[in-house]
Visitor: 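Before we start, here is the structure in question, set down as structure tokens.
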Amino acid sequence: MRELFLTGYTSNRGRQNITSFLVNYLQIDWRLGAEWYACMLIDYDAPSNWGNWQYLAGVGSDPRED
């Protein structure tokens with residue numbers, strides 16, 4: 001999160017790890033994380049961002065099993 005805040009970028013693996021941690025362990029609504037990334041990313045792409053957050057949160061058209 002520091003890297004994202006300071007540089008506007010984080011690796012794809014970092015994005016996945018953060019999403020999983022926020023959604024599964026801290027029980028934070030995935031939409032809050034997706035909005036934060038939308039505001040902070042310099043390489044922001046709306047479909048990619050929202051689709052990845054939905055997928056990793058287990059919602060949307062292709063939900064993940066636990």
Visitor: If I take atom OG1 from residue T10 and atom CD1 from residue I18, how far apart are they, to the nearest 0.5 angstrom?
Guide: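 Here the interatomic distance stands at 5.0 Å.
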Visitor: Could you give the distance from OG1 (T19) to CG (N24), rounded to the nearest 0.5 Å?
Guide: 9.5 Å
Visitor: When you group the ILVMFWY residues by side-chain heavy-atom contacts below 4.5 Å and let the links chain together, are Y9 and Y44 in the same group?
Guide: no
Visitor: Is it true that a side-chain atom of S20 and a backbone atom of Q16 form a donor plus acceptor pair closer than 3.5 Å?
Guide: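 No, S20 side chain to Q16 backbone: no donor-acceptor pair under 3.5 Å.
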Visitor: How long is the straight-line distance from CH2 of W30 back to OH of Y55, given to the nearest 0.5 Å?
Guide: 15.0 Å
Visitor: side-chain contact (heavy atoms from CB on, under 4.5 Å) with L26: which residues, sequence neighbours excluded?
Guide: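 Partners of L26 under the side-chain contact (heavy atoms from CB on, under 4.5 Å) test: F21, L22, I28.
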Visitor: Could you list the donor-acceptor pairs under 3.5 angstrom formed by side chains in residues 33-43, with sequence neighbours left out?
Guide:
| from | atom 1 | to | atom 2 | distance (Å) |
| --- | --- | --- | --- | --- |
| D43 | OD1 | R15 | NH2 | 3.0 |
| D43 | OD2 | R15 | NH2 | 3.1 |

Visitor: Checking N49 side chain against D45 main chain: does a donor-acceptor pair fall under 3.5 Å?
Guide: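 No; judged by distance alone, with no hydrogens or angles, the pair does not exist.
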